[in-house]
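Read the numbers this way: they start at 1 and go in the same order the structure lists the ligands and their atoms. Sequence positions, counted from 1, serve as the residue numbers for this chain.
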Amino acid sequence: MRLTEIREATASISSQIQNAYVNFSQMTISVVAVESDVMRHGRRLTGYGFCSNGRYAQGGILRERLIPRIRAADEGSLMNDDGTNFAPSRIRNVMMNNEKPGGHGDRSVAVAALDMAVWDLVAKIADQALWRYLSDHYNGGNYDDRVMVYPGGGYYYPGKGLGQLRDEMLAYRDQGYKVLKMKIGGVPLTDDMKRIETVADLIGGADLAVDANGRFGLSTALAYGKAMGPLDLFWFEEPGDPLDFQLNSDLSAEYSGAIATGENLFSLQDARNLLRHGGMRPERDWIQLDPALSYGLTEYLDVVDMVEQMGWSRRRLIPHGGHQLALAMAAGLQLGGSESYPGVFQPFGGFADDVVIQDGLAEPGEHLGIGMEAKAEMFKEIQRLVG
Ligand code: MG
């Protein structure tokens, strides 16, 4: 069993939306195909992967470092002990050969895209949906048949007023979502509070999460926390710079509502530092590491072990990214849930076409591997780029 080809390409996910920090008019992602010599129905089994939104495509790192290392590796060094399947952790180690520790940044994004394709391939070779494969091999056969999902929405875009924000949120409710998220921090506090209160009046504060995308300094984060406190929100996401653990800790001492953060932490070590130094409260707060930005599912399995060793429940982990990998992981590893992108970052955002959302819960479905073939518009684009 060997890998016969690895292809990568850059896909555009350009849109007019913006959050408190960036606009997405130039946003790209890397798409990867990992082809094997395993034949099924007359075709070579191939795994597909991509990186999450927000950090751009990583073709340079893929082409110049990661893919050549895998190509140069002994076949056996990429396999599990009994030679029945590829070993994602060994392939990750090959990719990371001669890479210094720390830093992470774009490298963790490139590794994550390739790692996603490897896991898709591994589950396909096992003839299983990835969530079932994870349940069988990493979770004692346990799984959730329905997963809490929430749409990451409420973006700013030119000319969008309160009426359109309200309509957007009602549309998510019509699609079956319960907890909804909106962006904050893109306009002054008094204007933002009108947006937040408009949505809280509509759906109730307990089902509303807000996301500042790391925009605030401590005094602004505290001011928002004070203003939003009476609304008893579902969570307050990324109040300050993702690496300012002291700010997070200072805010958590004042703000009694839930805080969620971690989508811009890219490694096990960064996540551990958040838990050590960020004042995060295990009974209340949420960790949002995105496997498709942070060295992949392979690293995430170690993150699950780490949080449990530090006295946290894996139910406090809700991956960022709104992609099918996160849904499969949440189901098979019994995490707290998954973000969802029903309307943004298309065609890559969101789940398989036949996934039904009801009461804020999604069933992962029985598609082979990650199930990208069951998301028609996205798979057409993947085929065009790396098929
Ligand atoms: Mg966020």
query: Are the side chains of M96 and L66 in touch, meaning some heavy atoms are under 4.5 Å apart?
result: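 No, too far: nothing below the 4.5 Å cut-off.
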
- request: Identify whether NZ of Lys or CZ of Arg in R132 sits under 6.0 Å from the centre of the six-membered ring of Y143 and within 45° of that ring's axis.
  value: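 Yes, R132 lies over the aromatic ring of Y143.
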
query: Can a salt bridge be assigned to the pair R44 and E35 using a cut-off of 4.0 Å between side-chain N and carboxylate O?
result: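 Yes, R44 and E35 are salt-bridged.
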
- prompt: Salt bridge check: are K181 and D207 linked by an N-O gap of less than 4.0 Å?
  reply: no

Give the atom name of whichever N/O/S atom in [X] sits closest to the Mg ion (ligand 1).
X	value
E263	OE1
D211	OD2
E237	OE2

- prompt: Quick check: does E238 have an N/O/S atom under 2.8 Å of the Mg ion (ligand 1)?
  reply: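 No N, O or S atom of E238 is closer than 2.8 Å to the Mg ion (ligand 1), so no.
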
